[in-house]
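Both ligands and their constituent atoms are indexed starting at 1 by order of listing. Bear in mind the structure is a predicted one, so any value in this text is a computation, not a measurement.
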Amino acid sequence: MPLTGQVALVTGSGRGIGRAIALALAEAGADLVINDVDQASGEATVADLEALGRQAIFQAADVVDEAQVEAMIEAVVAHFGRLDILVNNAGLTRDGLLVRMTEEQWDLVLDVNLKGAFNCTKAAARPMMKARAGRIINIASIAGITGNPGQANYSASKGGLIALTKTSALELARRGINCNAVAPGFIETAMTEQLSEEVRAGWLERIPLGRGGTPEEVAAAVVFLAGRASAYMTGQVLVVDGGMVM
Ligand code: NAP
């Protein structure tokens, strides 16, 4: 299996796309660190990974809190002795029109989606730099490329995450660390379940392939960016959106 012997940390992997990414990396042979703020869902993912025959541990850290993130990375290195792959997946939305958006809505989304990824990248880069190898994969969104009405905070956080991906790629390339992003379009998870029928229909109309994507389809792109097949790629954004953005 292509990722046998490697250790991957996926933030926000108790459910949704993060969980699918963890399972797909495990199927490719990796051992996993599951991070989430919710203990029950994180531990359920760990049990599923162990059933696949992989080693997995749960780390209940809030990615916004630098001290918790540093402690998590230290715990990973203490347990596994290495960290090869970081997937910055934890994210949330607090939608509203720009003129009505509150400071709290803005701050929370920027904190989790962008500062969270910065905290994890900074902490994970240390063991990766020492090893002179590593893969960092950020889960952005097409909203960070095109913008999206009602998502000033979310699209700014994801656009920022794409810029962070490119800067990390430039700074870490000489240390053997590749940094890339995946930009999903409309994926069927709890995040998109909250949308009204009207908004869902509007999205589906704009997708050339005629359907929403699955978490597993995003996970497949992450497995590619974590493996040897993408060794000569860094600073790139892989769009997984059924053809919405071309
Ligand atoms: P989801 O089902 O809401 O899952 C998000 C996960 O992130 C949850 O497990 C959540 O934990 C965790 N999380 C939230 N805040 C956290 C924090 N501060 N620290 C650690 N974990 C935290 O969402 P999803 O649809 O799978 O989205 C995953 C990623 O894909 C996000 O970055 C999202 O922006 C991106 N994305 C999604 C879509 C889509 O259509 N679904 C499209 C483009 C991009 P709890 O369970 O405790 O809340």
Min N/O separation [X] to ligand 1 under 3.5 Å:
X	result
V112	no
S13	no
R15	yes
T192	no
D36	yes
S141	no
V63	yes
G16	no

Problem - Atoms in ligand 1 with a heavy atom of I187 nearer than 4.0 Å - result: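 Close to I187: 39 (C), 40 (O), 41 (N).
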Practice task
Taking only heavy atoms of K158 into account, list the atoms of ligand 1 that are under 4.0 Å away from them.
Solution key: 31 (C), 32 (O), 33 (C), 34 (O)
At a 4.0 Å cut-off, with the gap strictly under it, does some heavy atom of [X] reach an atom of ligand 1?
X	value
A140	yes
I139	yes
P215	no

Exercise for the section: Group every Ile, Leu, Val, Met, Phe, Trp and Tyr by side-chain heavy-atom contacts under 4.5 Å, then state whether V87 and V182 land in the same group. Expected result: yes
Practice task
Spell out, yes or no, whether V7 and V10 are grouped together once hydrophobic residues are joined by side-chain heavy atoms under 4.5 Å, including indirect joins.
Solution key: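 Each belongs to a different hydrophobic cluster.
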Handout entry: Exercise: do D62 and Q68 side chains pair donor with acceptor under 3.5 Å
Key =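 No, Q68 and D62 have no side-chain donor paired with an acceptor closer than 3.5 Å.
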Problem - N113 versus S157, side-chain donor and acceptor atoms under 3.5 Å - result: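 Present: a donor and an acceptor within the cut-off.
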Practice task
Test I142 against every option in N148, V239, V240 by the side-chain contact (heavy atoms from CB on, under 4.5 Å) rule and name the one that passes.
Solution key: V239
Handout entry: L9 and its side-chain contact (heavy atoms from CB on, under 4.5 Å) partner, picked from I57, D84, L25, I73
Key =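 For L9, the side-chain contact (heavy atoms from CB on, under 4.5 Å) check succeeds only for I73.
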Where's the contact between [X] and ligand 1, heavy-atom distance under 4.0 Å: side chain, backbone, both or neither?
X	answer
N35	side chain
A61	backbone
T189	side chain

Please determine whether a side-chain nitrogen of the Lys or Arg among [X] and [Y] lies less than 4.0 Å from a carboxylate oxygen of the Asp or Glu.
X	Y	answer
K122	E70	no
E217	R211	yes
E188	R200	yes

